[in-house]
Amino acid sequence: MSEEELDEEELEYLRRKRSLRRKIKHLLQAAAIIGALETLRFLPLSFASAFGSILFRTICPLFKADRVAKENLARAFPDWDKQQIQKTVTEVWDNLGRGAGEFSHVRNIDPTAPDGPVEVVGLEHLTRAADQGGFVVMSAHMANWEIAGLVCARYARPFNAIYRFAENPWMDRYFQHIRSSYSNKLLPKGVSGIRMALSGLRKGEPLGLLLDQKLNEGVPVPFFGRDAMTASAPVEMSLALGVPLLPARLERVAKGPKFRITIYPPMDPPDTGDRREDARQILIRFHDMLEGWIRERPGQWFWVHRRWPKE
């Protein structure tokens, strides 16, 4: 019997049944993942990182995302053979797995420790921008991107971040609980989040942006020889306020784990007379930098995302 043949009472029962199944699924999923992460929290950071790597390299090739990563790499590096693509995809899963394992420890990492796991290059650009008031850190999903928030929080002020809420409400609460220890506010994607970010910048609250995700309503920006739709509103807003825009590169420099964050000088704002075009020019320049970073360490970028339109 199809759903069209059911009466309203039967449809309501079906909806409740599906809702209950979803809640049970989310609860079991959260119990398994949070339980594993909280267990790893009591073990050394190096063990948590290595465990995540082994887990992801073992199970993630079984999922659709593995094929997406190979397709993206084949288009970005048309001269690569299958062996090179496979090697890089394995490095992608290694990096993402390590990041997942490290998430259980991330709030306890001290980026200011002289012999700690984080090397900061260009710190003077961050502190100078912080002295002036609000600023924007522009980065991407490379290495362990949580490090950018840690560095900003410890050396300057915790930034606001536009955050995509997780579908699983238990997991979402856990993610927010961890990130709240080194973030100011986690803002929702969309118009309301942009307005909150604008209000924060006016008050001197910094903003962190990961600008390497697809947004259909964005502007086309050249990236590995193809246009990639990219959010421009946060950059337009920042240009309107005249706050510094600081590119930040994240690298995993050893599997120990050891990280490097390089903070670059503020990007010079263009003046085309059209704020949307000014933002697009900033995004073009940032993506040109990002492409260079990725070419140097291709296994540390988030290739599993459908960054470009389907071809």
Side-chain angles (χ1 to χ4, degrees), residues 23-60 63 65 90-120 137 139-187 208 210 248 250-261 299-300 302 304:
K23 288 178 180 177
I24 293 172
K25 175 184 175 183
H26 283 166
L27 181 59
L28 293 175
Q29 181 187 62
I33 296 174
I34 295 173
L37 288 174
E38 287 300 291
T39 300
L40 289 173
R41 186 163 66 91
F42 293 99
L43 298 169
L45 173 61
S46 57
F47 179 90
S49 179
F51 178 83
S53 168
I54 293 169
L55 181 65
F56 272 51
R57 284 187 288 114
T58 301
I59 67 173
C60 288
F63 296 106
T90 300
E91 292 173 356
V92 169
W93 292 130
D94 171 76
N95 178 67
L96 292 177
R98 288 181 181 279
E102 292 154 4
F103 190 73
S104 59
H105 286 262
V106 68
R107 57 187 159 176
N108 297 320
I109 293 175
D110 181 7
T112 67
D115 298 318
V118 182
E119 175 189 3
V120 183
V137 176
S139 194
H141 291 84
M142 291 199 71
N144 186 329
W145 51 87
E146 305 291 344
I147 298 299
L150 281 176
V151 168
C152 191
R154 301 297 188 269
Y155 283 104
R157 296 187 298 280
F159 58 49
N160 297 330
I162 296 176
Y163 169 72
R164 181 175 182 175
F165 295 92
E167 180 185 358
N168 184 321
W170 284 280
M171 289 304 306
D172 190 70
R173 282 194 287 270
Y174 181 73
F175 291 149
Q176 292 198 49
H177 171 68
I178 298 295
R179 289 181 171 129
S180 65
S181 64
Y182 51 89
S183 300
N184 185 35
K185 298 172 188 171
L186 296 173
L187 312 178
L210 298 176
L250 296 159
E251 300 172 84
R252 185 181 296 278
V253 294
K255 293 182 178 181
K258 295 282 287 185
F259 312 99
R260 179 189 299 127
I261 178 170
Q300 294 190 17
F302 197 71
V304 299

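Residue numbers count from 1 along this sequence. Scope of the values below: all heavy atoms of this structure, side chains included, with no hydrogens, waters or symmetry mates.
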Asp172 and Gln176: side chain donor to acceptor below 3.5 Å | yes
Looking only at heavy atoms, the pair that brings Pro117 and Ile109 closest together is CG-CG2, 3.8 Å
Contact check, side chains of Phe51 and Leu43, non-hydrogen atoms, under 4.5 Å | no
Partners passing salt bridge (charged side-chain N to carboxylate O under 4.0 Å, His left out) against Arg41 (at least two apart in sequence or in another chain) | Glu38
Looking only at heavy atoms, which two atoms of Met171 and Ala30 are closest? And how far apart?
-> SD-CA, 3.6 Å
N/O donor-acceptor pair under 3.5 Å between Asn160 side chain and Lys185 backbone = yes
Hey, is the main chain of Leu45 close enough, under 3.5 Å, to the side chain of Ser49 for a donor-acceptor pair?
-> no
Going from CG on Asp115 to CG on Asp110, what distance comes out if it is rounded to the nearest 0.5 angstrom?
-> 11.5 Å
If you look at every heavy atom in His177 and Ser180, which pair is closest and at what distance?
-> O-OG, 2.8 Å
Could you check if a side-chain atom of Phe56 sits within less than 4.5 angstrom of a side-chain atom of Arg98, using non-hydrogen atoms only?
-> no
In this structure, NZ of Lys258 is separated from CG of Asn144 (nearest 0.5 Å) by 14.0 Å
Non-neighbouring partners of Glu251 that pass salt bridge (charged side-chain N to carboxylate O under 4.0 Å, His left out), sequence neighbours left out = Arg249, Arg260, Arg297
Partner residues of Phe165 under the ring pair (Phe, Tyr, Trp, His ring centres under 6.0 Å) criterion, sequence neighbours left out | Tyr163
From Thr90 atom OG1 to Asn95 atom CG, the distance as rounded to the nearest 0.5 Å = 12.5 Å
Run through Ile261, Ile147, Val151 and flag the one making a side-chain contact (heavy atoms from CB on, under 4.5 Å) with Pro111.
-> Val151
Of all the heavy-atom pairs spanning Phe159 and Ala148, show the shortest one and how long it is.
-> CE2-O, 3.9 Å
Using the side chain to side chain donor-acceptor pair (under 3.5 Å) rule, collect all pairs that involve residues 24-33, keeping only residues at least two apart or in two chains.
-> Gln29-Asn168
Do you know which two heavy atoms are closest between Ile54 and Thr58, and how far apart they sit?
-> O-OG1, 2.7 Å
Evaluation steps, side chain to side chain contact (heavy atoms under 4.5 Å, CB included), between Phe259 and Leu250 | CA-CA 7 Å; Phe259 312 99; Leu250 296 159; over 6 Å; no
Full working for salt bridge (Lys or Arg N to Asp or Glu O under 4.0 Å) between Glu146 and Arg179 | CA-CA 8 Å; Glu146 305 291 344; Arg179 289 181 171 129; 2.7 Å; yes
Would Arg252 and Glu91 count as a side chain to side chain contact (heavy atoms under 4.5 Å, CB included) if you check the C-alpha gap in whole Å, the side-chain angles of each, and the deciding distance to 0.1 Å?
-> CA-CA 11 Å; Arg252 185 181 296 278; Glu91 292 173 356; over 6 Å; no
Listed by chain and number, what are the ring pair (Phe, Tyr, Trp, His ring centres under 6.0 Å) partners of His141, not counting sequence neighbours?
-> Trp145, Phe302
Looking only at non-hydrogen atoms, find the nearest pair between Ser46 and Pro257 and report the distance.
-> CA-CD, 4.0 Å
CZ (Arg164) with more than 12 external heavy atoms under 6.0 Å = no
CD1/Ile178 to NE2/His105 distance, rounded to the nearest 0.5 angstrom?
-> 11.0 Å
Partners of Phe103 by ring pair (Phe, Tyr, Trp, His ring centres under 6.0 Å), sequence neighbours excluded?
-> Phe175
Going through the distances and angles, do Trp93 and Val304 end up as a side chain to side chain contact (heavy atoms under 4.5 Å, CB included)?
-> CA-CA 9 Å; Trp93 292 130; Val304 299; 3.4 Å; yes
Would you indicate whether the side-chain heavy atoms of Leu37 and Tyr174 approach each other to under 4.5 Å?
-> yes
